[in-house]
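We count residues from 1, following the sequence as given.
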Amino acid sequence: ALFPALTRACRYFFNPRLDASVAQLAELAGGGADGGADASATHGGRNKLSAEYGVNAFKSLARSHPAVLAAHHPDLCLVDGVVVDAQGARSSA
């Protein structure tokens, strides 16, 4: 690319605000094509999607970089595809 720094910056700004809510695909289509299955679940229900973009973005970061999550957010952990308070997760286990 002619301006690599500008290319990286533009990719970031095309994302929605972190607090933006996104309609589920089944809601947009007026029901699920598969007979109304839960459109918020993927990977057999182990990766629930939130309507809020920022929650999904943080969860994606946590799933792809668990060491970074542990180093910078020791109070959080990933349980069944959801970022939760580590203290609450330990007490319920």
Side-chain angles (χ1 to χ4, degrees):
L2 187 57
F3 300 103
L6 179 61
T7 303
R8 283 191 297 273
C10 288
R11 285 186 196 142
Y12 173 77
F13 289 113
F14 285 134
N15 292 329
R17 293 171 36 137
L18 291 176
D19 62 349
S21 289
V22 181
Q24 298 289 337
L25 290 177
E27 293 173 9
L28 293 174
D34 54 357
D38 185 7
S40 66
T42 59
H43 299 285
R46 295 183 321 270
N47 184 22
K48 298 275 185 189
L49 296 178
S50 172
E52 192 170 311
Y53 174 77
V55 171
N56 292 323
F58 187 66
K59 183 180 65 163
S60 176
L61 175 74
R63 290 179 69 209
S64 59
H65 303 286
V68 173
L69 179 71
H72 295 281
H73 299 282
D75 56 322
L76 301 175
C77 66
L78 197 63
V79 176
D80 294 329
V82 178
V83 178
V84 297
D85 176 41
Q87 186 65 29
R90 278 190 227 110
S91 64
S92 66

What is the distance from atom NE2 of His65 to atom OG of Ser60, rounded to the nearest 0.5 Å? 7.5 Å
To the nearest 0.5 Å, atom CG of Asn56 lies from atom CG of Leu18 at 11.0 Å
Apply side chain to side chain donor-acceptor pair (under 3.5 Å) to Asp75 and list each qualifying residue two or more places apart in sequence or on a separate chain. none
Val83: what forms a side chain to side chain contact (heavy atoms under 4.5 Å, CB included) with it, not counting sequence neighbours? Phe58, Lys59, Ala62, Leu76, Leu78
On a heavy-atom basis, the closest approach of Cys77 and Ala86 is SG-CA, 3.8 Å
